[in-house]
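One structure follows; several queries about it will come next.
Nothing here was measured: the structure is a model prediction, and the numbers come from that model.
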Amino acid sequence: MLSPDDPAGQAVLSGALVVLVALLGYRAVRKDRNEYQRFKRFERTRNRQRMMRKWLLDSLAMFGGAAVIILVLAGQFVPLLQREMNQSPLGLWWHSLLADTGGLLPGFAVGLAVALVGGTIAAVVLARRSDSVPTIGDIGALLPRNRPELVLGALLSVNAGVVEELLFRLALPALIFGATGSALAAVIGSVMLFGALHFYQSWPGIVGATVIGAILMVLYLATGSILVAIVAHALIDLRSLVLIPMLVFRVQRVRV
């Protein structure tokens, strides 16, 4: 693990950051987009399930592996970034609110839960008036069509909550902070990269993912717990890939 006092550390972390961004950019522009376009043409559930299993393993290896490697290199910058953000004007303002209103943080969590539930109810109501579920971005093809796909959708959701939060809310900001020395660059850069990786979902998907990434980053920084962001991310994805297909299309009743 590189020490913040190591004079060569910044150069090593900068090189690692360049390599990571290049790999993630290639994955978003070439691999993810091409595979998703092919996935959209699949009619047989066997082919759809094969691709979903591939995505599950790829995500676990790529995002999970990258998070582990980065945390080995830049793990000591995680608490330093958290402290820097706490001492920033925004962090000081936030903690002053917590001191003045002890129920603010629980209220924020309840508000997020209400938004998720309300969004689900609205989506179900709107879907009953049409043949499709309203979505942000081009994700309609991802919605499970039967029980086996529903299980894979649940696994993809939980996996994304774990590995993507470990990478984009914990490891990547620490890497950027260690390479640049800027907490603001670390926060904004990781959120923007998270949104850009949803390139395959078209521009609405990129914007929506960026907004969600920003909310998850606020949750992490406000609570200091990556577990809170992991759970919130998993719930958001479970809402789209499990709850809505079950409530709208009753896919849990379709075995094949």
Side-chain angles (χ1 to χ4, degrees), residues 1-33 55-95 159-200 206 209-210 212-230 232-233:
M1 186 176 293
L2 294 175
S3 169
D5 299 325
D6 187 348
Q10 187 173 16
V12 173
L13 295 180
S14 296
L17 178 60
V18 170
V19 171
L20 179 64
V21 171
L23 288 175
L24 293 177
Y26 175 82
R27 177 187 176 96
V29 175
R30 297 295 298 275
K31 183 178 180 295
D32 289 351
R33 182 177 62 172
W55 286 337
L56 180 63
L57 295 176
D58 283 354
S59 174
L60 184 61
M62 177 65 187
F63 295 148
V68 170
I69 293 173
I70 292 172
L71 288 174
V72 169
L73 288 175
Q76 291 194 25
F77 290 92
V78 172
L80 296 179
L81 173 60
Q82 183 72 246
R83 185 176 63 189
E84 186 78 13
M85 289 303 300
N86 287 338
Q87 293 176 351
S88 69
L90 182 61
L92 293 174
W93 170 78
W94 173 257
H95 286 291
N159 177 74
V162 175
V163 300
E164 291 183 12
E165 289 310 299
L166 288 177
L167 178 58
F168 293 102
R169 246 59 70 186
L170 188 67
L172 181 59
L175 178 62
I176 298 175
F177 182 62
T180 66
S182 171
L184 187 61
V187 171
I188 295 178
S190 57
V191 169
M192 297 300 292
L193 186 57
F194 175 75
L197 289 185
H198 293 76
F199 179 76
Y200 70 94
I206 294 175
T210 302
I212 290 174
I215 293 173
L216 292 170
M217 180 62 79
V218 169
L219 274 177
Y220 165 60
L221 293 175
T223 62
S225 171
I226 193 63
L227 182 60
V228 173
I230 288 174
H233 189 152

Can you name the closest pair of heavy atoms from Phe177 and Leu81 and give their distance?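 Taking every non-hydrogen atom into account, CE2-N, 3.8 Å.
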Could you give the distance from CD1 (Ile230) to CD (Glu164), rounded to the nearest 0.5 Å? 11.0 Å
Taking the inter-plane angle between the rings of Phe194 and His198 on a 0 to 90° scale, is it parallel (under 30°), tilted (30 to 60°) or perpendicular (over 60°)? perpendicular
For the CZ atom of Arg27 and the CE atom of Met62, what is their distance to the nearest 0.5 Å?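 Rounded to the nearest 0.5 Å, the CZ-CE separation comes out at 6.0 Å.
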Just wondering, do Thr210 and Met192 contact through their side chains at under 4.5 Å, heavy atoms?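 Yes - at least one pair of side-chain heavy atoms lies under 4.5 Å apart.
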Just how far is it from atom CD of Glu84 to atom CG of Leu221, taken to the nearest 0.5 Å?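 Between Glu84 CD and Leu221 CG, I get 12.0 Å after rounding to 0.5 Å.
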Rounded to the nearest 0.5 Å, how far apart are CG of Leu24 and CG of Leu193? 5.5 Å
pair Leu170-Leu71: side-chain heavy atoms closer than 4.5 Å: yes
CG on Leu219 to CG on Leu227, rounded to 0.5 Å: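 The distance works out to 11.5 Å.
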Minimum heavy-atom separation for Ala174 to Ala74, with atom names? CB-O, 3.8 Å
Side chains of Leu172 and Phe63, heavy atoms from C-beta outward: is any pair under 4.5 Å? no
Asp32 vs Phe199 side-chain heavy atoms within contact, under 4.5 Å: no
Mind listing the closest non-hydrogen atom pair of Phe168 and Ser190 along with its distance?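 That closest heavy-atom pairing would be O-CB, 3.5 Å.
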Which atom of Ala183 lies closest to which atom of Met85, heavy atoms considered: CB-SD, 3.7 Å
Kindly give the heavy-atom pair with the smallest separation between Leu13 and Leu175, and that separation in Å. O-CD1, 3.5 Å
Any side-chain heavy-atom pair of Asp58 and Lys31 under 4.5 Å: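 A side-chain contact under 4.5 Å exists here.
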Nearest heavy-atom contact between Val191 and Ala214 is CG1-N, 3.8 Å
Could you tell me if the side chain of Leu80 sits less than 4.5 Å from the side chain of Arg83, heavy atoms only? yes
